[in-house]
Asks: 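Take this structure first; my questions come after.
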2 protein chains.
Amino acid sequence: MDIEAFRKAGYQAIDRICDYYYSLQNRPVVPSVQPGYLLDALPDSPPEQGEDFTVIADDYQKYILPGLTHWQHPSFFAYFPTACTFEGILGDLYSTSTANPGFNWLASPACTELEMVVMDWSAKLLGLSEHFLHSSGKGGGVIQTTASELALVVVVAARERYLRIHPDAKADELVIYTTTQTHSLGVKAGLVFGMECRALEVKAEDAYALRGATLKSALEEDEKRGKRPFILVATVGTTSSGAIDRLDEIGQVSEDYPSLWIHVDAAWAGVTLACPEYRGTAQLENINAYATSFGTNFHKWGLVNFDAALLWVKDRKDLTDALDVTPEFLRTKQGDAGAVVDFRNWHLGLGRRFRSLKVWFVLRSYGVEGFRNYIRQGIKLNEHFTSLIRASLDFSLVTAPSFALTVFRLTPAGASLTGSELNELNRAFYARLSSRHDIMLTQTVLNGVFCIRFAVGAARTQQEHIDTAWDLLQQEGAVAVQEYMQKISKDVQ
Amino acid sequence: MDIEAFRKAGYQAIDRICDYYYSLQNRPVVPSVQPGYLLDALPDSPPEQGEDFTVIADDYQKYILPGLTHWQHPSFFAYFPTACTFEGILGDLYSTSTANPGFNWLASPACTELEMVVMDWSAKLLGLSEHFLHSSGKGGGVIQTTASELALVVVVAARERYLRIHPDAKADELVIYTTTQTHSLGVKAGLVFGMECRALEVKAEDAYALRGATLKSALEEDEKRGKRPFILVATVGTTSSGAIDRLDEIGQVSEDYPSLWIHVDAAWAGVTLACPEYRGTAQLENINAYATSFGTNFHKWGLVNFDAALLWVKDRKDLTDALDVTPEFLRTKQGDAGAVVDFRNWHLGLGRRFRSLKVWFVLRSYGVEGFRNYIRQGIKLNEHFTSLIRASLDFSLVTAPSFALTVFRLTPAGASLTGSELNELNRAFYARLSSRHDIMLTQTVLNGVFCIRFAVGAARTQQEHIDTAWDLLQQEGAVAVQEYMQKISKDVQ
């Protein structure tokens, strides 16, 4: 493809992306395809001769678009939102157009320096302390791929720091602490490192937050059994219910355990720190006081296209001491002189994409005010949904709503159902919901209670979509209740 | 930014990318900026109010472009090439425009299925055996971020497989085998897992290839000292010199060590397997016979924009047994039914970008023939460069050229220099080269010999650029020799 053919195909792509967003609302959220649809439709070998790009672009419309789950659809309430802004698209477009893997400063000075700039900007946007900034000369931020990979980086750094302090520690004594509500990144880190991952218990009455006393007794218990917890992954905004661990209590306990690394995973809810009015709830003060590292994904609710998992550490040497590899072919005079940051030593891989560009585009185009307003809008829409649940006799909240996430279930008025019956009813209700294509939600289980998550944050969601979702939930709920009551009355007969 | 503003900014971006490629040849390869140039130029906080995108787009031209190292420049001969095709750019553009992290089938069916399709297509393009294909029902391929992360995935799978076979093995007995020429991914894996990484010796007379006898004696030695080597990272095309480990001998040795996982890293040279005439040199038959896993980066010399590190395994259960995490909120009826591949259990993270789209675009637009011709062109240009070196009295090859990589040094005719003097001369020569902005090469050290790498493969490189590079190398070489001879003659006086 030559330059002019690219111009033509590029214009067409831009036009088709515009068409996509004009038509998005009228598409199903969840595609109707069956497993194997695309494997069956496409040839099983690549073509011998090159094909014309107009055919390929048309096949994208014909085969790919109908098989996508539309995360940007205004009626997408599943998982957590995944950001997709026009600014983010443009950032990715400019970035890929010069493909240069900025693993060290010289490999592309702009990539490294813009990442330092936007990580400091983002830290300031969120109110993080000076000690997390590159400008401090000691801490700093770096863009990782996902929260899971970010956690792996942090675990390596924490382990090496721990082993420097306790050189006698053995590999099989090391333990990662999470809670039963921590994202799968905790369990995955345990699998990846072949390490024990201890999930500390949390209680419904604490809104699924880790308390200091639980942490303290686990630490004491593990000390007795010769185990060495070296990192705690605490969460601000868990995936299941948006729970916020009690960083104040955790921080106080950790003061007696100075070699315990406190990582705060705020993958989803971290962006709320942009708004001064949520900094208390999201525990900014305690993050700044106690976190050794802090992570949040701007690619979730933070307007930057996937992927952009932002990690800050108080001491950059914890990363580079653990991850520095500099063979001869990667040496540069600027690196040797210590004059620059070489981000290859801040993450797992070597090469890295120029992801800071889309962060820069988003922060400049929205400004601090625009970013805040976007977060506020999501929370406001969720409050609207919550008010509908609260006013209903047939639905109830399972736990207090958290920012833009509500966890709820059917609890039909007048029906006297046991805990396991309610679970069964709600599984049937959820099965009905998940067979629909015009809305998408996800399920979870909170300490044995089956429930449904409603996560707001797709950019095009308006109050009308919440209201439509609510109508639909009520209808499906009524049918689910009717069918279930018939079923159990038959069982009784 | 609304849809129409995006159309305008999108057209502008496409036009500016076209301008970039029309002007690329006239730009410097290496930017003239100094460390800190961008940190000094940009404000230290994000703007309070959003800015107009035209200003932001202009600032990209003003601040970012001048600070990029142009990996697509026809005179870029450093590291290895990083692919950037128009098809790849369009793939990334369509992909980012619907941002949907396809961690399981339901999260976006097209993402999962297209990845299966293009991984089978690519395996066929390279001549890999049926057992690496998804269609085999047992093996399969998956796109990873980089060769380093790919290696981490493989190490985890290999470790868990080893521990299933040898449940008595202790963590600190495990050893990763590489060679002294393995990419930094080997050392990095050792750092990440806190594991011993033993670099087996290779010799210049073997063209830096690992021999079976070296592997065998290491295995015997480690058995005696109670160590457990569980994976060997062998390479087809090392970074320093393009060395190709002797997979035939390695394979034969490994038959006595069935729990040793053989990973073949062909990050750079794997794409040569597309051409039937290079399959012997690149050891296709032995890869198919002995490799437990095989990786190659289409984002290097394989026409697909960064990142696209392709991994195939003979047994997909080795990945999923090691990496499967399925909390309630990630369960789907298709996943529960075992009817689909959920790629989240094939890599380190959870979310993943829709990278298969650009692989699909590239393979269809180039076709098998176009892909092969591209590889052949790079090798032919390198042969031209090699012929110039061979004909010269003042330069020599340090080892035989490998595909599109030549490792050479100054060895001035008539000067009788010791090994360390030659190293010193070549360091001075390289320092001259690396202070230029119109060409980029990288250095390496091969068993104590300092040398310079010349890697061909940027899409716009033609014979004229090789000839210009050669003129420049001769000029800089002559000055380096003259200065060095003056220096040592002064030292003698």
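So that the names make sense, note that chain A is the first sequence line, chain B the second, and so on, each numbered from 1.
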Asks: Do B/Phe306 and A/Thr96 come within less than 4.5 Å of each other through their side chains, counting heavy atoms only?
Replies: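 Side chain of B/Phe306 against side chain of A/Thr96, heavy atoms only: no contact under 4.5 Å found.
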Asks: Would you mind checking which part of A/Thr98 comes under 4.5 Å of any heavy atom in chain B, side chain (CB onward), backbone (N, CA, C, O), both or neither?
Replies: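 A/Thr98 touches chain B through backbone and side-chain heavy atoms alike.
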Asks: So, B/Lys188 side chain and A/Val325 main chain: donor-acceptor pair closer than 3.5 Å or not?
Replies: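 It does not hold such a pair.
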Asks: Could you look at A/Ser434 and say if it's the side chain, the backbone, both or neither that has a heavy atom under 4.5 Å from chain B?
Replies: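 When you check distances to chain B, only backbone atoms of A/Ser434 fall under 4.5 Å.
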Asks: Under 4.5 Å heavy-atom distance to chain B, tell me which part of A/Arg352 shows up: side chain, backbone, both or neither.
Replies: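 When you check distances to chain B, only backbone atoms of A/Arg352 fall under 4.5 Å.
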Asks: Measure distances from B/Gln334 to the heavy atoms of chain A and classify the residue's part below 4.5 Å as side chain, backbone, both or neither.
Replies: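 Contact with chain A is through the side chain of B/Gln334 alone.
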Asks: Let me know if A/Leu152 has heavy atoms under 4.5 Å from chain B in its side chain, its backbone, both or neither.
Replies: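 For A/Leu152, the contact with chain B is made by the side chain alone.
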Asks: So which of B/Leu348, B/Thr82, B/Val118 has the biggest tally of heavy-atom pairs under 4.5 Å with chain A?
Replies: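 Heavy-atom pairs under 4.5 Å are most numerous for B/Leu348.
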Asks: Measure distances from B/Ile64 to the heavy atoms of chain A and classify the residue's part below 4.5 Å as side chain, backbone, both or neither.
Replies: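 Its backbone and side chain both get close to chain A.
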Asks: Taking atom OH of A/Tyr63 and atom CH2 of B/Trp360, what is their separation to the nearest 0.5 Å?
Replies: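 Answer rounded to 0.5 Å: 8.0 Å.
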Asks: What I'd like to find out is whether the side chain of B/Pro101 reaches to under 4.5 Å of the side chain of A/Trp71, using heavy atoms alone.
Replies: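 Yes, at least one pair of side-chain atoms sits under 4.5 Å.
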Asks: Which heavy atom in A/Glu149 sits nearest to a heavy atom in B/Thr145, and how many Å separate them?
Replies: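 It is OE2-OG1, 4.5 Å.
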Asks: Looking at every heavy atom in both B/Thr332 and A/Tyr79, which two are closest together, and how far apart are they?
Replies: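 Looking at all heavy atoms of both residues, the shortest contact is CG2-OH, 4.3 Å.
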Asks: Please classify the contact between A/Tyr37 and chain B as side chain, backbone, both or neither, with a heavy-atom cut-off of under 4.5 Å.
Replies: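 Its backbone and side chain both get close to chain B.
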Asks: Any chance you could lay out the side chain to side chain contact (heavy atoms under 4.5 Å, CB included) test for A/Leu90 and B/Met1, step after step, and finish with the verdict?
Replies: CA-CA 11 Å; A/Leu90 292 163; B/Met1 182 183 286; 3.9 Å; yes
Asks: Measure A/Val340 against the heavy atoms of chain B and call it side chain, backbone, both or neither at under 4.5 Å.
Replies: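 Looking at A/Val340, just its side chain touches chain B.
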Asks: Measure B/Val30 against the heavy atoms of chain A and call it side chain, backbone, both or neither at under 4.5 Å.
Replies: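 Only the side chain of B/Val30 comes within 4.5 Å of chain A.
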Asks: Could you check whether the rings of A/Tyr11 and B/Tyr11 sit parallel, tilted or perpendicular, using 30° and 60° as the cut-offs?
Replies: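 Answer is parallel, since the angle falls under 30°.
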Asks: Is there side-chain contact between A/Leu323 and B/Val192, with heavy atoms separated by less than 4.5 Å?
Replies: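 Sidechains of B/Val192 and A/Leu323: in contact.
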Asks: Output the option from A/Ser45, A/Ala5, A/Ala431 having the highest count of non-hydrogen pairs under 4.5 Å with chain B.
Replies: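 Top count of heavy-atom pairs under 4.5 Å with chain B: A/Ser45.
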Asks: Determine whether the side chains of B/Thr69 and A/Asn100 contain a donor N or O and an acceptor N or O closer than 3.5 Å.
Replies: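 Distance-only check fails for B/Thr69 and A/Asn100.
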Asks: Sort out for me which of B/Leu363, B/Leu24, B/Leu185, B/Asp307 touches chain A most, counting heavy-atom pairs under 4.5 Å.
Replies: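 Sorted descending by pairs with chain A, the first entry is B/Asp307.
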Asks: Atom OG in B/Ser95, atom OH in A/Tyr60: separation rounded to 0.5 Å?
Replies: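 Those atoms lie 7.5 Å apart.
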Asks: Heavy-atom cut-off 4.5 Å, strictly under: side chain, backbone, both or neither for A/Ala309 against chain B?
Replies: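 Neither part, no heavy atoms under 4.5 Å.
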Asks: Is any side-chain N of the basic residue among A/Lys170 and B/Asp172 closer than 4.0 Å to the acidic one's carboxylate O?
Replies: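 Looking at A/Lys170 and B/Asp172, the cut-off is not met.
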Asks: Return the option, out of B/Arg7, B/Arg344, B/Gln34, with the maximum number of heavy-atom pairs under 4.5 Å with chain A.
Replies: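 Top count of heavy-atom pairs under 4.5 Å with chain A: B/Arg7.
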Asks: Before you tell me yes or no, could you show the steps for A/Leu114 and B/Leu38 under side chain to side chain contact (heavy atoms under 4.5 Å, CB included), namely the whole-Å CA-CA distance, both residues' side-chain angles and the distance that decides it to 0.1 Å?
Replies: CA-CA 7 Å; A/Leu114 190 63; B/Leu38 191 62; 3.8 Å; yes
Asks: Is chain B contacted by the side chain of A/Ser97, its backbone, both, or neither, given a heavy-atom distance below 4.5 Å?
Replies: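 Both parts, backbone and side chain.
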Asks: Is it the case that the side chain of B/Gln72 and the backbone of A/Ala99 share a donor-acceptor pair, with hydrogens and angles ignored and the cut-off at 3.5 Å?
Replies: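 Checked: pair present.
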Asks: Return the minimal non-hydrogen interatomic distance between B/Ser365 and A/Ile56, and the atom names on each side.
Replies: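 Taking B/Ser365 first and A/Ile56 second, the nearest heavy atoms are N-CD1, 3.6 Å.
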Asks: Please assess A/Leu93 against B/Ile89 for the test side chain to side chain contact (heavy atoms under 4.5 Å, CB included), listing each intermediate value before the final yes or no.
Replies: CA-CA 7 Å; A/Leu93 173 56; B/Ile89 295 172; 3.7 Å; yes
Asks: Side chain from CB out, backbone as N, CA, C, O: work out which of these in A/Pro66 comes under 4.5 Å of a heavy atom of chain B, or both, or neither.
Replies: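 When you check distances to chain B, no heavy atom of A/Pro66 falls under 4.5 Å.
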Asks: First locate atom CG of B/Asp120, then atom CG of A/Leu42, and finally report the distance between them rounded to the nearest 0.5 Å.
Replies: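 Nearest 0.5 Å value for the CG-CG distance: 11.5 Å.
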Asks: Tell me, out of B/Gly102, B/Gly50, B/Ala9, who's got the most heavy-atom pairs with chain A below 4.5 Å.
Replies: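 Maximum pair count with chain A is reached by B/Gly50.
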Asks: Please collect all salt bridge (Lys or Arg N to Asp or Glu O under 4.0 Å) contacts where either partner lies in residues 86-99 of chain A, sequence neighbours excluded, each pair once.
Replies: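 Residue pairs with at least one partner in residues 86-99 of chain A: A/Asp92-A/Arg353, A/Asp92-A/Lys358.
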Asks: Do the charged groups of A/Arg364 and B/Asp59 touch, with an N to O distance under 4.0 Å?
Replies: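 Yes.
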Asks: Please state whether the side chain, the backbone, both or neither of A/Asp15 comes within less than 4.5 Å of a heavy atom of chain B.
Replies: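 The answer is both parts of A/Asp15.
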Asks: Given the rule in the ring-ring contact (aromatic ring centres under 6.0 Å, His included) test, do A/Phe6 and B/Tyr21 qualify, once you have shown the distances and angles that lead to the verdict?
Replies: CA-CA 11 Å; A/Phe6 168 70; B/Tyr21 281 102; 7.8 Å; no
Asks: For A/Leu357, is it the side chain, the backbone, both or neither that has a heavy atom under 4.5 Å from a heavy atom of chain B?
Replies: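 The side chain, not the backbone.
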Asks: Using modelled atom types and a 3.5 Å cut-off, is there a donor and acceptor pairing between side-chain atoms of B/Glu113 and backbone atoms of A/Gly36?
Replies: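 The answer is yes, because a donor-acceptor pair under 3.5 Å joins these two groups.
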Asks: Which of the residues B/Ser148, B/Ala78, B/Gly370 is involved in the greatest number of heavy-atom pairs with chain A at under 4.5 angstrom?
Replies: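 Most pairs with chain A among the choices: B/Ser148.
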Asks: Quick one: what part of B/Pro46 sits under 4.5 Å from any heavy atom of chain A, side chain, backbone, both or neither?
Replies: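 When you check distances to chain A, atoms from both the backbone and side chain of B/Pro46 fall under 4.5 Å.
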Asks: Counting only non-hydrogen atoms closer than 4.5 Å, does A/Met195 touch chain B with its backbone (N, CA, C, O), its side chain (CB onward), both, or neither?
Replies: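 Interface part for A/Met195: neither.
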Asks: Under 4.5 Å heavy-atom distance to chain A, tell me which part of B/Ala189 shows up: side chain, backbone, both or neither.
Replies: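 Looking at B/Ala189, nothing touches chain A.
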Asks: Should B/Phe86 and A/Phe53 be marked as a ring-ring contact (aromatic ring centres under 6.0 Å, His included) after you check the CA-CA gap, both sets of side-chain angles, and the distance that decides it?
Replies: CA-CA 10 Å; B/Phe86 291 128; A/Phe53 198 79; over 10 Å; no
Asks: Only pairs of heavy atoms separated by less than 4.5 Å count here; which of B/Thr85, B/Thr146, B/Ile17 has the most with chain A?
Replies: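 Of B/Thr85, B/Thr146, B/Ile17, B/Ile17 has the most heavy-atom pairs under 4.5 Å with chain A.
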Asks: Counting distance only, does the side-chain N/O of A/Lys124 pair as donor-acceptor with the main-chain N or O of B/Asp44 below 3.5 Å?
Replies: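 Here the side-chain-to-backbone pair exists.
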Asks: Could you tell me the separation between the CD1 atom of B/Ile14 and the CD1 atom of A/Ile3, rounded to the nearest 0.5 Å?
Replies: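 Spacing of CD1 (B/Ile14) from CD1 (A/Ile3) equals 12.5 Å.
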Asks: Can you tell me which portion of A/Phe76 sits under 4.5 Å from chain B's heavy atoms? Options are side chain, backbone, both or neither.
Replies: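 Answer is neither: A/Phe76 stays 4.5 Å or more from chain B.
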Asks: Excluding sequence neighbours, so at least two apart, what forms side chain to side chain contact (heavy atoms under 4.5 Å, CB included) with A/Lys8?
Replies: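 For A/Lys8 there are no side chain to side chain contact (heavy atoms under 4.5 Å, CB included) partners, ignoring immediate neighbours.
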Asks: Closer than 3.5 angstrom, by distance alone: can the side chain of B/Trp121 be matched with the main-chain N or O of A/Pro47 as a donor-acceptor pair?
Replies: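 No, the answer is negative, given that no donor and acceptor are paired below the 3.5 Å cut-off.
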Asks: Let me know if A/Ala107 has heavy atoms under 4.5 Å from chain B in its side chain, its backbone, both or neither.
Replies: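 Its backbone and side chain both get close to chain B.
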Asks: Check A/Leu68 against B/Ala110 and note the closest heavy-atom contact, atom names and distance.
Replies: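 Result for this residue pair: CD2-CB, 4.0 Å.
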